[in-house]
Amino acid sequence: ASYSERKAIAAIVEAFFASEPRPHVQSIRTEDSTGDYLTESKFVTSSYFISGGEHLSHCFHLENGATNCHDVSYFGARLDLCYESAICGINSFDLRFCLDCWDGCANLFYCDMCPGSKSCFGSVGLRKATFSVLNRKYSEKEYNSLVRRIIEHMRDTGEWGEFFPIEHSPFPYNLSEAFRHFPMTQEQCSRAGMLWNERFQPPSTSAVPASSLPDTPPSEGTNSLTVLSALSGRAFKITTEELRRYRLLNVPLPRLSYEERMDERMQRLGGVKLYRRACAKTGKTLMSTAAVSDERVIWEKEEYDREFQ
């Protein structure tokens with residue numbers, strides 16, 4: 001249960017897995033697909049964390065069935081014919097360049113937070129709306145005519161066919177999921193027109209270095225702690241409830257902040273970029289998230305399953 005014991009065991013485990021073969025992809029009952037962490041899917045290309053998907057390309061975290069989608073992130077649930085969108089799903093169909101549209105949406109263009117809406121263009125915050133452009137209601141005939149004219153204009157200006165410009169995002173890049181997979185410096189974000197926001201820093205006058213934490217869980221009665229991360233030196237808080245939980249589970253206190261621990265776990269899962277590798281057993285060319293510089297032994301998954309299952 002001590003931190004030093006767990007660290008020693010982790011080093012042994014890491015060394016073991018570094019020397020043993022690993023499959024080039026983590027997949028279950030999946031066929032004709034590339035990417036990683038694919039479950040019961042087929043005809044999936046360069047996609048990650050997909051469950052029950054079919055005919056997808058460049059998608060990320062789509063669960064419970066998504067079909068015929070390209071460049072879509074989160075969340076699926078019977079989503080069909082979706083392009084360049086995020087956080088869409090639940091029986092939705094034909095969404096293009098949309099954000100936060102779900103629960104039976106259909107035929108939406110450039111819409112944001114319009115649950116249950118159908119046939120809308122450039123609208124925000126509507127619920128179960130139809131034939132709306134920029135949040136204004138039209139007849140079906142007026143809507144179709146106006147949308148054709150808007151699309152023609154956007155094609156002339158070069159705006160058509162792309163997701164909302166990143167400089168319009170209200171979310172700081174360094175606090176986003178994208179930052180975890182594609183880290184950038186504050187200067188790079190500034191040049192790209194993206195927001196940057198420093199994370200909340202708890203008062204650190206009473207913060208203790210991670211190196212001074214006890215090797216075993218603290219005894220009853222210990223109050224919340226503010227700790228300086230062993231990785232970044234930034235202060236983070238361990239609440240009284242967290243301390244109670246660590247004692248209950250008999251595990252040592254964390255030396256890294258929550259975000260740093262999540263980053264570390266994601267790194268263990270692998271990246272979201274494919275590299276051309278050779279199977280160490282057969283020499284066959286593979287597409288794997290293990291970079292060429294990764295010294296771990298990579299086998300084609302079919303060979304791995306035949307050997308170890």
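All heavy atoms count here, side chains included; hydrogens, waters and symmetry mates do not. Counting begins at 1 with the first residue of the sequence.
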### Task
Write out all pairs satisfying side chain to side chain donor-acceptor pair (under 3.5 Å) with one or both partners inside residues 36-45, taking only residues at least two apart or from two chains.
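Residue pairs passing side chain to side chain donor-acceptor pair (under 3.5 Å), neighbours aside: Arg29-Glu40, Asp36-Thr289.
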State whether the number of non-hydrogen atoms from other residues, nucleotides or ligands found under 6.0 Å of [X] atom [atom1] is greater than 12.
{"X": "Lys281", "atom1": "NZ", "answer": "yes"}
{"X": "Arg180", "atom1": "CZ", "answer": "yes"}
{"X": "Ile166", "atom1": "CD1", "answer": "no"}
{"X": "Met113", "atom1": "CE", "answer": "no"}
{"X": "Phe171", "atom1": "CZ", "answer": "no"}
{"X": "Glu295", "atom1": "CD", "answer": "no"}
{"X": "Arg191", "atom1": "CZ", "answer": "yes"}

#### Entry: With Thr130, the side-chain hydrogen bond (donor to acceptor under 3.5 Å, both in side chains) member among Lys118, Glu140, Lys137
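The passing option is Lys137.
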### Ser229 and its side-chain hydrogen bond (donor to acceptor under 3.5 Å, both in side chains) partner, picked from Arg234, Glu260, Arg261, Arg255
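That would be Glu260.
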How long is the straight-line distance from [atom2] of [Y] back to [atom1] of [X], given to the nearest 0.5 Å?
{"X": "Ser288", "Y": "Asp294", "atom1": "OG", "atom2": "CG", "value": "8.0 Å"}
{"X": "Asp112", "Y": "Cys101", "atom1": "CG", "atom2": "SG", "value": "6.5 Å"}
{"X": "Arg155", "Y": "Trp160", "atom1": "CZ", "atom2": "CH2", "value": "6.5 Å"}
{"X": "Leu146", "Y": "Ile150", "atom1": "CG", "atom2": "CD1", "value": "4.0 Å"}
{"X": "Trp196", "Y": "Thr185", "atom1": "CH2", "atom2": "OG1", "value": "6.5 Å"}
{"X": "Leu256", "Y": "Asp263", "atom1": "CG", "atom2": "CG", "value": "10.0 Å"}

### Message
I'd like to check the side chain to side chain donor-acceptor pair (under 3.5 Å) partners of Glu63; sequence neighbours left out, ordered by chain and number.
### Response
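Side chain to side chain donor-acceptor pair (under 3.5 Å) check on Glu63 returns nothing, list empty.
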Minimum heavy-atom separation for [X] to [Y], with atom names?
{"X": "Ala129", "Y": "Cys120", "answer": "O-SG, 3.8 Å"}
{"X": "Cys88", "Y": "Leu95", "answer": "CB-CD1, 3.8 Å"}
{"X": "Thr157", "Y": "Glu159", "answer": "OG1-OE1, 2.6 Å"}
{"X": "Leu62", "Y": "Gly76", "answer": "CD2-N, 3.7 Å"}
{"X": "Ser2", "Y": "Thr216", "answer": "CB-CG2, 3.8 Å"}
{"X": "Ser92", "Y": "Asp103", "answer": "OG-N, 3.7 Å"}

Is any side-chain N of the basic residue among [X] and [Y] closer than 4.0 Å to the acidic one's carboxylate O?
{"X": "Arg244", "Y": "Glu241", "result": "yes"}
{"X": "Arg96", "Y": "Asp94", "result": "yes"}
{"X": "Arg306", "Y": "Glu303", "result": "yes"}

### Task
Decide side chain to side chain donor-acceptor pair (under 3.5 Å) for Glu142 and Ser139; before the verdict, give the C-alpha distance in whole Å, the side-chain angles of both, and the deciding distance to 0.1 Å.
CA-CA 5 Å; Glu142 290 173 326; Ser139 69; 3.2 Å; yes
### Task
Step through it carefully: locate the ring centre of Tyr138, locate the ring centre of Tyr143, and say whether they are under 6.0 Å apart.
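No, too far apart.
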Which of parallel (below 30°), tilted (30 to 60°) and perpendicular (above 60°) describes [X] and [Y]?
{"X": "Phe49", "Y": "Phe60", "answer": "perpendicular"}
{"X": "Tyr110", "Y": "Phe97", "answer": "parallel"}
{"X": "Phe121", "Y": "Phe109", "answer": "parallel"}

### Message
Please check: side-chain N/O of Ser27 versus main-chain N/O of Thr30, any donor-acceptor pairing under 3.5 Å?
### Response
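Absent.
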#### Entry: Trace of the side chain to side chain donor-acceptor pair (under 3.5 Å) decision for His55 with Thr67
CA-CA 6 Å; His55 292 289; Thr67 55; over 6 Å; no
